Structure formats: C-alpha cells, structure tokens
Amino acid sequence: MPFLGQDWRSPGWRWVKTEDGWKRCEPFSPALEHGNSQLNDISHAVIITGDDEDEEIFSTEDCEFAAKKRKKDHFRNNTDSQCFYREKWIYVHKESTRERHGYCTLGEAFNRLDFSSAIQDIRRFNYVVKLLQLIAKSQLTSLSGAAQKNYFNILDKIVRKVMEDQYNPRLIKDLLQDLSSTLCILIRGVGKSVLVGNINIWICRLETILLWQQQLKNLQMNKQVNNGLTLSDLPLHMLNNILYRFSDGWDIITLGQVTPTLYMLSEDRQLWKKLCQYHFAEKQFCRHLIPSEKGHIDWKLMYFALQKYYPIKEQYGDTLHFCRHCSILFWKDTGHPCTASDPNTCLMPVSPQHFIDLFKF
C-alpha cells in the first residue's frame with residue numbers, strides 16, 4: 001500500500017512492500033510510470049459481465065476498487081517495474097527535534113543498510129554474519145516484524161551461499177547454534193518475553209534452522225582439480241609467512257590438517273605466542289600461564305584458554321562507518337551526504353558490537 005506523507009517540507013515518499021520489508025520507490029521511474037499508465041487505463045475501461053441477454057455495465061467509480069487491486073498485484077508480482085533508491089545509509093537519532101520526530105531503531109537500520117547485498121561481498125561477509133550472531137544472542141526480540149522477516153531472509157541467503165561456495169561454514173554453524181539456543185528459550189517462555197508473530201511461525205523457523213544445521217553438518221567439501229601450482233609447492237618460508245598472517249587460531253588448525261608439512265608449521269610455539277600477544281595484553285596472559293611437560297609455556301593452549309575469559313581482536317575486510325558530524329551510519333564505499341569541511345576526519349569504523357550499542361536507549 002503506497003504511503004504519502006503529509007509533511008509540509010515535501011510531498012512525501014511512496015513506499016512499496018517487498019520480501020525484505022518496505023522500500024522507498026522512485027516516484028518518476030519510466031518503467032513504473034508505464035506500468036501505472038496501463039493500470040490506469042484499466043480503471044477507466046468499461047467492464048461487461050454476464051450472459052449475452054443480461055449484460056451489466058459498470059461505471060468508472062465501480063471499477064476503482066478492482067483497478068486498485070490490480071495495481072497492488074502489479075507491484076507485488078512485477079519486480080522489474082520497481083525502482084528503489086539505493087542509498088545505503090541511515091541517520092541515527094535518539095531524540096525528537098523540530099525536523100525529526102521519534103528515534104531510529106535497530107530494526108530500521110537493519111532494513112535500510114542493505115545487508116542482503118552486503119553478504120555477496122566477501123569483504124563484508126564475516127562482518128554481517130558476526131552482526132547477525134550478536135542480534136541472535138540478545139537483540140532478536142527488539143526487531144520489528146518486518147526486520148525479523150528480513151533477518152531470516154538474509155540468513156537463508158547466507159546458508160545457500162555457504163552451501164554453494166563452501167565459504168567459512170564454521171562461522172555460520174556458530175551463528176545457527178546461537179540462534180537455535182535463543183529461539184528454544186523464547187519459545188519455552190511464551191508470554192514472558194516479546195515474540196512478534198504467531199508462535200507457530202517461530203516453531204517453523206526453528207525447524208528450518210535445525211534443517212540448515214543438518215545440511216551444513218553433511219556438507220562435503222569439493223576437491224579442487226588444479227594442474228598448476230598448489231599450496232604444497234610453495235617453499236617453507238612462504239608457507240610459514242602465510243600462517244603468521246592468520247588472526248584466528250581455528251584457521252591455523254584447519255590449514256594444518258591439509259598436509260604433514262603444514263601441520264608441523266602450525267604447531268610452532270613462536271606462531272602461537274605471536275597470536276597470543278596480538279589478541280591479549282601481557283597482564284592478561286600472565287594470569288593464565290599454562291606450562292607444558294618440558295617446562296615451556298604452551299602458547300597454543302594459552303590462546304584457547306584466554307579466549308574463554310577475554311574477547312579477541314576482530315578483523316574485517318570492510319565495515320560500516322559512522323560520521324560523527326552528520327550522525328549517519330553508512331558503508332564507506334557508497335558514501336553519504338556529508339556537510340563537514342573535511343569528512344575523513346569525522347569517520348569512525350563501527351564494529352558489530354558498536355552497531356548494537358548505537359541503538360540501545
């Protein structure tokens with residue numbers, strides 16, 4: 001249903017309902033105007049029904065309801081005629097002003113920042129998955145109904161992408177585990193917590209998550225057929241250099257399972273020591289020293305032990321950014337309408353946890 005605002009500053013925007021929620025529609029799209037003209041022609045036509053003997057002619061007013069219904073179905077079914085604004089930023093305001101009333105919610109930001117397209121970018125994939133995981137742990141019930149639907153649509157696309165590309169299945173397994181645990185608690189406590197929608201919908205979603213988990217559990221990695229240079233053909237110092245660039249201990253262990261040579265390099269004490277020093281402060285790992293049988297510090301066990309007590313540093317290829325001057329949240333490569341004289345000095349990268357904190361009131 002189109003929504004035309006009554007704001008005196010502008011005629012308002014036209015909104016169209018899609019699978020991912022409500023989206024703003026460009027008012028003067030040629031394809032849209034062509035579709036509207038065809039639909040308007042229908043509303044002015046004379047409709048004749050009945051048998052040859054008893055013909056019933058309806059006036060333009062009588063056809064108005066039918067025309068509106070056809071127009072609504074046209075917007076729903078013909079996606080090619082829809083043209084939406086592609087701005088991937090949102091103004092974050094927490095109080096009412098003369099120009100803006102209300103405040104921005106987490107669900108609003110989740111719908112506006114186009115995470116559905118962001119998961120197709122390998123630089124942003126881990127960032128979006130981590131954000132979905134944090135929402136699953138604590139903020140799922142704060143999302144609106146449209147945002148929750150958008151959340152599960154994005155999750156569905158992520159699972160399909162992992163099944164096709166086999167990219168980082170461990171990350172999505174952790175996300176689904178946290179989400180299923182949260183849903184089990186919420187479903188058991190119906191009436192004690194806020195659940196938008198019918199309980200049967202949530203049970204159906206939980207069953208879908210369990211199905212995804214089973215599919216990922218049975219996922220078989222395709223063996224790459226390549227007659228050229230492989231990882232095993234690289235010299236030892238280059239393989240060692242690759243391992244030293246990893247920031248996740250599980251990635252090091254996984255790579256060490258490929259060949260005996262990589263396993264030997266992945267067990268290097270100096271490698272795990274550097275990893276501990278990168279993620280944790282000296283005071284932190286001094287409190288949890290784990291000596292080995294030979295009397296040396298077991299840095300590998302230290303890393304996983306410290307993970308239980310302290311958060312590790314997060315690395316992402318691309319993140320959302322926040323402009324302190326404009327109070328706008330956006331993707332850096334798409335930019336935003338900044339009014340500062342030097343916009344680069346106002347930018348601040350936003351971690352997934354910081355994104356959640358921005359919308360806590």
Side-chain angles (χ1 to χ4, degrees), residues 92 106 118 122-139 168-175 177-179 181-182 236-257 262-324 329 331-332 344-361:
V92 181
L106 177 64
I122 194 171
R123 300 171 303 162
R124 300 174 180 172
F125 183 83
N126 291 357
Y127 181 85
V128 176
V129 172
K130 181 63 177 179
L131 179 59
L132 293 181
Q133 188 173 13
L134 291 177
I135 292 176
K137 287 181 177 179
S138 60
Q139 301 296 320
N168 211 343
R170 177 174 55 84
L171 198 63
I172 188 64
K173 286 180 182 178
D174 293 341
L175 165 59
Q177 181 60 41
D178 291 336
L179 183 58
S181 300
T182 301
L236 288 178
H237 72 276
M238 292 187 67
L239 293 174
N240 201 39
N241 192 21
I242 292 173
L243 285 168
Y244 269 84
R245 294 182 181 275
F246 284 0
S247 61
D248 191 337
W250 284 110
D251 291 337
I252 295 176
I253 292 177
T254 303
L255 186 59
Q257 296 172 349
L262 287 170
Y263 175 76
M264 177 192 67
L265 294 174
S266 67
E267 293 295 318
D268 183 22
R269 289 181 60 252
Q270 193 65 23
L271 171 66
W272 290 98
K273 180 179 179 180
K274 290 288 185 182
L275 194 63
C276 288
Q277 291 174 341
Y278 171 76
H279 286 289
F280 310 107
E282 185 176 355
K283 292 182 179 179
Q284 292 175 339
F285 59 74
C286 283
R287 297 173 184 173
H288 304 276
L289 293 177
I290 302 176
S292 63
E293 296 177 356
K294 298 181 180 179
H296 303 294
I297 298 175
D298 194 330
W299 292 104
K300 183 178 178 180
L301 290 179
M302 279 273 295
Y303 170 80
F304 291 104
L306 290 169
Q307 257 191 329
K308 300 177 181 178
Y309 299 100
Y310 310 106
I312 62 175
K313 292 182 179 179
E314 298 176 353
Q315 284 187 335
Y316 303 102
D318 190 18
T319 66
L320 288 167
H321 280 68
F322 182 75
C323 179
R324 293 187 292 268
L329 195 62
W331 295 106
K332 191 174 182 181
N344 292 331
T345 60
C346 306
L347 302 186
M348 178 179 64
V350 177
S351 67
Q353 184 59 55
H354 186 198
F355 179 89
I356 300 294
D357 295 339
L358 278 175
F359 303 97
K360 287 184 177 179
F361 303 104

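Being a predicted model, the structure only gives us computed values, none of them experimental.
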Item to check | Residue pair L243, D268: steps toward the side-chain contact (heavy atoms from CB on, under 4.5 Å) verdict | outcome: CA-CA 10 Å; L243 285 168; D268 183 22; over 6 Å; no

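- Under the salt bridge (Lys or Arg N to Asp or Glu O under 4.0 Å) criterion, K130 pairs with no residue, sequence neighbours left out.
- Judged by distance alone, the side chain of T182 and the main-chain N or O of A136 form a donor-acceptor pair under 3.5 Å.
- Closest of all the heavy-atom pairs between I356 and Q139 is CG2-CG, 3.7 Å.
- For CE of M348, the number of neighbouring non-hydrogen atoms (other residues, nucleotides, ligands) closer than 6.0 Å is greater than 12.
- Residues Q133 and D178 share a closest heavy-atom pair of NE2-OD2, 2.5 Å.
- Formation of a donor-acceptor pair under 3.5 Å by the R124 side chain with backbone atoms of L320 is not found in this model.
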Next on the checklist: Go through it in stages, so that I can follow the logic: the residues are I252 and K300, the test is side-chain contact (heavy atoms from CB on, under 4.5 Å), and I'd like the CA-CA distance, side-chain angles, deciding distance and then a yes or no.
Outcome noted: CA-CA 11 Å; I252 295 176; K300 183 178 178 180; over 6 Å; no

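- The structure places CG of L175 at 10.0 Å from CG of L134, a figure rounded to the nearest 0.5 Å.
- For Y310 (side chain) and F280 (main-chain N/O), no donor-acceptor pair under 3.5 Å exists by modelled atom type.
- Atom CG of L262 sits about 13.5 Å away from atom CD1 of I253, to the nearest 0.5 Å.
- Between P349 and H354 the shortest heavy-atom distance is O-ND1, 4.2 Å.
- Contact between L131 and P352 at its shortest, heavy atoms only, is CD1-O, 3.8 Å.
- Residue-environment remark: CZ (F304) exceeds the threshold of 12 foreign heavy atoms within 6.0 Å.
- Using a 4.5 Å cut-off on side-chain heavy atoms (C-beta onward), N126 and E314 make no contact.
- Atom CG of L106 and atom CG of D357 lie 10.5 Å apart (nearest 0.5 Å).
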Checklist entry - Does the side-chain contact (heavy atoms from CB on, under 4.5 Å) test come out yes or no for L255 and F246, once each step is laid out? => result CA-CA 10 Å; L255 186 59; F246 284 0; 3.6 Å; yes

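- Using the six-membered ring where Trp is involved, Y127 and W331 have ring planes that are perpendicular, over 60° apart on the 30 and 60° scheme.
- Remark: R123 pairs with D121, D333 by the salt bridge (Lys or Arg N to Asp or Glu O under 4.0 Å) rule, at least two apart or across chains.
- Around the CD1 atom of I242, the shell of radius 6.0 Å holds more than 12 heavy atoms that belong to other residues, nucleotides or ligands.
- Nearest heavy atoms, Y244 versus L271: OH-N, 3.4 Å.
- Here the closest non-hydrogen pair linking V350 and L358 is CG1-CD1, 4.5 Å.
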Next on the checklist: For a side-chain contact (heavy atoms from CB on, under 4.5 Å) check, start with the C-alpha distance between F355 and L329, then their side-chain angles and the critical distance, and finish with the verdict.
Outcome noted: CA-CA 9 Å; F355 179 89; L329 195 62; 3.3 Å; yes

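- Contacts classified as side-chain hydrogen bond (donor to acceptor under 3.5 Å, both in side chains) and involving residues 273-286 (residues at least two apart or in different chains) are given here: Y278-Q315.
- Residues D298 and W272 are not in side-chain contact: their nearest non-hydrogen atoms beyond the backbone lie 4.5 Å or more apart.
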